[in-house]
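Working notes, structure below.
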2 protein chains.
Amino acid sequence: MALLARQPQFERQIVRYANDVSGREEEHEPSLASRLRLAVVRLNRRLRAQRTDSSVTLTQISALSCLYNWGPMTPGELAAKEGVQPPSMTRVIAALEEHGFASRRPHPTDGRQAIVEVTQAGRDFVRAEVCARERWLDRRLADLDEEEREVLSRAAEIIDRMAGQ
Amino acid sequence: MALLARQPQFERQIVRYANDVSGREEEHEPSLASRLRLAVVRLNRRLRAQRTDSSVTLTQISALSCLYNWGPMTPGELAAKEGVQPPSMTRVIAALEEHGFASRRPHPTDGRQAIVEVTQAGRDFVRAEVCARERWLDRRLADLDEEEREVLSRAAEIIDRMAGQ
DNA sequence: TATTGTTATACTCTATAACTATA
DNA sequence: TATAGTTATAGAGTATAACAATA
């Protein structure tokens with residue numbers, strides 16, 4: 001706990017009603033769930049607001065990264081990995097195909113299923129454009145100290161585990 | 001670093017192309033930016049998927065919590081705190097007013113602005129319904145050990161600081 | 001002329017329900 | 001009959017552009 005104890009804890013929010021003449025002052029201590037929810041919602045907004053020249057959306061990049069990192073899989077597997085419903089993934093895959101970043105081939109043994117995989121253009125895109133898209137976040141991370149990045153690294157792993165349930 | 005070093009680091013992703021007969025195996029180590037982005041995008045999806053009986057959306061709850069925690073403020077200030085554009089906040093405030101959870105009064109010195117504040121019904125709602133909405137996340141957090149919650153607590157503070165820039 | 005806020009409009013993201021094809 | 005995937009539809013979330021009111 002030594003490392004964590006050294007750091008400033010989350011500041012208790014003192015609620016002052018600026019325009020309230022009564023001068024009353026209440027004190028809340030937002031729960032961890034509340035603070036984590038707000039942090040995630042806000043960072044998600046910021047990430048989605050980052051635009052590059054390409055018309056590839058964050059959701060598409062996320063799915064493409066998944067295929068890139070884990071290899072070919074069926075639409076259903078991809079939907080499960082990304083935590084979305086199959087109909088949502090259908091549209092994402094269609095968009096990636098239109099961009100030429102993913103392709104589909106028949107499943108060798110099951111005619112209902114398909115195998116989706118990244119194309120060479122898709123690989124090039126992940127290496128180049130995704131980095132561009134993450135420049136904003138990279139800059140923010142660069143401003144932190146090494147120990148804060150360690151905390152975020154561990155948090156990313158914990159959050160991913162929670163979200164995967 | 002002792003505390004962090006004790007913990008398992010994020011697992012290096014070994015990329016195996018399951019359906020690739022070449023048997024080649026590439027190794028990527030996703031950047032911190034990539035891992036944090038994916039974690040945040042996925043947890044955000046999970047949080048938005050949590051529904052309660054009420055028709056109040058996560059965005060509305062987020063803004064209402066902000067007013068509850070920080071007191072009355074103008075629409076512009078609220079938009080800035082939440083990290084959205086003013087037109088987006090206009091709609092959120094209108095929805096909160098329709099629910100009777102927020103009210104608007106004229107700014108004392110500037111006729112262009114207004115002061116938005118939480119109503120008593122809004123306070124009651126934050127205390128009751130927001131908790132209900134967060135039950136899913138609370139359960140996930142309860143499954144973690146104390147040290148992991150400390151990491152997330154610190155991460156929430158760091159992320160909020162980054163997103164606020 | 002600059003600032004604050006709203007209205008109009010459009011696009012992304014995602015879900016559920018209903019359907020088709022295959023197992 | 002069960003499973004995988006797609007199509008249809010709808011609602012949440014958000015932005016930009018154009019406008020109105022006030023400073």
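To find a chain, count down the sequence lines: A is the first, B the second, and so on, and within it residues start at 1. Computed from a predicted model, the values in this text were never measured in an experiment.
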Determine the contact category for B/Ala94: base if any of its heavy atoms lies under 4.0 Å from a base atom, sugar-phosphate if only primed atoms, P, OP1 or OP2 are that close, otherwise nothing. nothing
Gap between atoms CD and C1', on B/Glu77 and C/dT3 respectively (whole Å): 14 Å
Send over the distance from A/His107 NE2 to D/dA4 P, rounded to a whole Å. 10 Å
Heavy-atom check, side chain of A/Val92 versus side chain of A/Val84, under 4.5 Å: no
Distance-only polar pair, side chains of B/Glu97 and B/Ser103, donor-acceptor under 3.5 Å: no
Relative to the 5' end of DNA chain D, which residue comes earlier, A/Val41 or A/Pro75, by the nucleotide with the nearest heavy atom? A/Pro75
Looking at B/Arg35 and A/Asp160, is any side-chain nitrogen of the basic one under 4.0 Å from a carboxylate oxygen of the acidic one? no
A/Arg48 side chain N/O closer than 4.0 Å to the phosphate oxygens (OP1, OP2) of C/dC11? no
B/Glu157/B/Arg161 ion pair, N-O < 4.0 Å: yes
Nucleotide C/dT6, atom P - distance to CE of B/Met89 in whole Å: 11 Å
Pair A/Arg154 + B/Glu147, salt bridge at N-O below 4.0 Å: yes
Provide, to the nearest angstrom, the distance between the CG atom belonging to A/Asn44 and the P atom belonging to D/dA15. 12 Å
Does B/Arg91 reach a base, just sugar-phosphate, or nothing at all? Heavy atoms under 4.0 Å. base
Sub-4.5 Å side-chain heavy-atom contact between A/Val118 and A/Phe101: no
The side chain of B/Gln113 is closest to which nucleotide in this list: D/dT3, D/dG5, C/dG5? C/dG5
In Å, rounded to the nearest 0.5 Å, how long is the span from SG of A/Cys66 to CD of A/Glu82? 4.5 Å
Atom CZ of B/Arg45 to atom P of C/dT14: distance rounded to whole Å? 4 Å
Heavy atoms only, 4.0 Å cut-off, all strands: where does B/Thr59 land among base, sugar-phosphate and nothing? sugar-phosphate
Under 4.0 angstrom, heavy atoms only, what part of the nucleic acid is A/Thr57 near: base, sugar-phosphate, or nothing? sugar-phosphate
In this structure, how many angstroms lie between the P atom of D/dG13 and the CG atom of B/Leu47, rounded? 12 Å
Those residues of residues 80-88 of chain A lying under 4.0 Å from DNA chain D by at least one heavy atom: A/Pro86, A/Pro87
How many Å lie between CG on A/Asp110 and P on C/dT22, as a whole number? 10 Å
Return the value, rounded to whole Å, for the distance between atom CD of B/Gln60 and atom P of D/dA12. 8 Å
